[in-house]
Structures are given as structure tokens and as C-alpha cells.
Number of protein chains: 2
Amino acid sequence: MNLKLATEIGKCLSNQTRVQIMEWLKDPEKNFRQHESLRNFDDGVCVTHIKDKSGLSQSTISTYLTNMQKCGLLILTRHGKWSYLKRNEKLIKEYTDFLK
Amino acid sequence: MNLKLATEIGKCLSNQTRVQIMEWLKDPEKNFRQHESLRNFDDGVCVTHIKDKSGLSQSTISTYLTNMQKCGLLILTRHGKWSYLKRNEKLIKEYTDFLK
DNA sequence: TCTATATATCTAGAAATTTAAATATATTTG
DNA sequence: CAAATATATTTAAATTTCTAGATATATAGA
């Protein structure tokens with residue numbers, strides 16, 4: 001972890017919806033229904049479900065999630081036409097260790 | 001910790017100078033010289049020293065530090081005409097626990 | 001009380017972020 | 001291949017943040 005990356009992570013975490021998404025993804029089973037194409041949450045939650053739950057537009061959520069993925073907070077896995085996102089616990093730990 | 005406070009903290013940590021200040025304050029002895037009026041760093045570092053080290057204007061640094069204090073990241077102690085700031089490790093832990 | 005120093009607040013222009021509509025791209029399915 | 005669906009990118013207007021100069025306030029010391 002370095003100053004620049006920590007600042008990029010901070011920017012992602014400076015918006016209530018984005019912090020909320022990080023919280024929702026802590027417990028996908030509780031916060032999201034099963035996706036039609038996958039029977040588990042091993043690769044996280046489908047982008048469409050995050051969009052629906054947030055109430056924001058598709059383009060806004062796509063921008064948010066792309067940035068959160070770029071700085072490493074989220075890990076993206078594609079299955080066909082769907083994208084699934086999960087928390088990157090390793091990076092989150094590096095970040096919180098850096099702050100402490 | 002709640003979503004709103006976590007977002008305010010995130011805003012403070014979304015700027016490189018402010019993250020840098022949090023890092024500097026981890027080790028005042030290493031990063032700052034002794035202040036003329038106090039012989040230890042028990043109450044942290046004098047605002048003027050933080051301003052000097054950052055290179056930003058007095059008003060900008062004052063605004064930064066006031067906000068960081070308002071959301072609880074920093075603890076302010078006044079001694080006469082000087083203000084000293086130190087990290088609020090308790091809140092920082094609450095925040096990092098919230099993220100994890 | 002007058003002056004100097006430390007910090008906070010007000011103000012405003014510059015820069016960055018927010019947000020969604022429009023459009024583009026990728027994938028699946030008929 | 002055409003149509004439908006999922007997601008990404010472009011664009012632009014609205015809002016927020018950044019930053020410092022000017023000014024205000026507080027404290028110390030002469």
C-alpha cells in the first residue's frame with residue numbers, strides 16, 4: 001500500500017452509495033437474491049442486482065463499480081454476459097493496516 | 001460506526017495531503033521537530049508544523065484539519081495560542097473494523 | 001491596552017466529481 | 001445473422017471540492 005493507492009481507495013469510499021455497496025457485499029446471501037445463472041455467490045453479486053438495489057442509473061453504477069475495481073476494492077468475474085463483483089478482502093486488509 | 005460517518009471519514013481520506021497528514025502523525029518524533037512550548041508529543045503536533053510540512057496555505061490546512069477533527073479522525077488540544085493534533089486511534093479502529 | 005502570532009472563517013474562482021442520457025460494445029439466443 | 005440483454009464509454013450539465021486571499025478571533029507578551 002502506498003499514498004497514491006490509499007488516496008484512490010479513499011475516493012471510492014467518499015460516497016455513501018459506494019460505501020453502502022461495500023457493506024452489502026459483506027453478506028451477499030442476506031442482501032441479494034440468487035442470480036438466475038449461478039447457484040452460489042462465490043464470484044459475488046451480479047452488477048444488475050447492485051444497480052437495482054442502489055436505485056441509481058446503469059451508467060452511474062457502471063462507473064462506480066469500474067473505479068472500485070480499478071483501485072482493487074472489488075474483484076470482477078465475468079460469466080457470459082453477466083459481471084459479478086465481490087470484495088477484495090486482501091486489499092481491504094492492506095488498506096486498513098495502512099491506516100492503522 | 002454508521003454509513004454516514006464512514007462516508008465523512010472517507011471524504012477526509014480522499015485527498016493525498018490529508019492521507020499524508022494521517023501518516024505523518026503516526027510517528028510525530030520522526031516527522032516533526034519538537035515544538036517550542038512543549039517537550040513531548042503527548043497531545044500531538046502543532047498545527048503550524050503541519051502547515052509548514054504540507055506546503056499548503058494556512059487557510060487550506062486549517063479547513064482540512066477542522067474537518068478531520070469534526071469527523072473524529074483527529075483530536076485537538078489547545079495550549080495557549082497553539083493547537084495540537086493527534087490521531088484518534090479509537091475512531092480509526094472503529095472505521096477499519098467497519099470496513100472489514 | 002497595543003502589537004504580534006496562531007488559528008478560524010468567509011468568499012470566490014478553478015478544478016474535480018456526480019449523475020444520467022445517449023451511444024457503443026459484447027454476449028446470448030432465436 | 002438479427003434481436004435482446006448486460007455492461008462500458010462518451011458527453012455534458014449540475015454540484016461539490018479545492019485552494020488561497022482577505023478578514024476575524026483568540027491568546028500572549030510588552
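All values derive from a computational prediction rather than experimental measurement. Computation of the quantities below employed the complete heavy-atom set of this structure, encompassing side-chain atoms and omitting hydrogens, waters and symmetry-equivalent molecules.
Mapping A/Tyr64 and B/Leu76 onto DNA chain C by nearest heavy atom places B/Leu76 closer to the 5' end of the strand. Nearer the 5' end of DNA chain C, as judged by each residue's closest nucleotide, is the contact made by B/His35, out of B/His35 and A/Leu56.
One finds no side-chain N or O of A/Lys81 lying less than 4.0 angstrom from the OP1 or OP2 phosphate oxygen of D/dT7. The side chain of B/Thr60 places no N or O atom within less than 4.0 Å of a non-bridging phosphate oxygen (OP1 or OP2) of D/dC18.
Side chain A/Ser59 to base C/dA21: a donor-acceptor pair is found below 3.5 Å. For B/Thr66 against C/dA8, a side-chain-to-base donor-acceptor contact under 3.5 Å is absent.
Counting only distance, with no hydrogens or angles, the side chain of B/Arg18 and the backbone of B/Leu65 share no donor-acceptor pair below 3.5 Å.
The pair B/Lys93-B/Glu89 fails the salt-bridge criterion, with no side-chain N (NZ, NE, NH1 or NH2) lying under 4.0 Å from an Asp/Glu carboxylate O. Salt bridge B/Glu94/B/Lys90: present, at least one basic N to carboxylate O contact under 4.0 Å.
A straight line from NE2 of A/His79 to C1' of C/dA26 spans 16 Å, rounded to a whole angstrom. For A/Arg78 and C/dT25, the CZ to P distance is 14 Å, given to the nearest whole Å. C/dA8 atom P lies 13 Å from atom CE of B/Met68, rounded to whole Å. Rounded to an integer number of Å, the gap from CH2 of B/Trp82 to C1' of D/dT25 is 17 Å. When rounded to the nearest whole Å, the span between NZ of B/Lys70 and P of D/dT17 equals 13 Å. For the pair A/Gln58 CD and C/dA21 C1', the computed distance is 11 Å after rounding to whole Å. A/Lys51 places its NZ atom 13 Å from the P atom of D/dA8, with the value rounded to the nearest Å. Between the CG atom of A/Leu65 and the C1' atom of C/dA20 there is a distance of 15 Å, given to the nearest Å.
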Evaluation steps, side chain to side chain contact (heavy atoms under 4.5 Å, CB included), between B/Leu99 and A/Tyr95: CA-CA 10 Å; B/Leu99 290 182; A/Tyr95 179 60; 3.9 Å; yes
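The side chain of A/Asn15 sits closest to C/dT18 out of C/dT18, D/dT19, D/dA28.
Checked against the 6.0 Å centroid criterion, the rings of A/Tyr84 and A/His35 qualify as a close aromatic pair.
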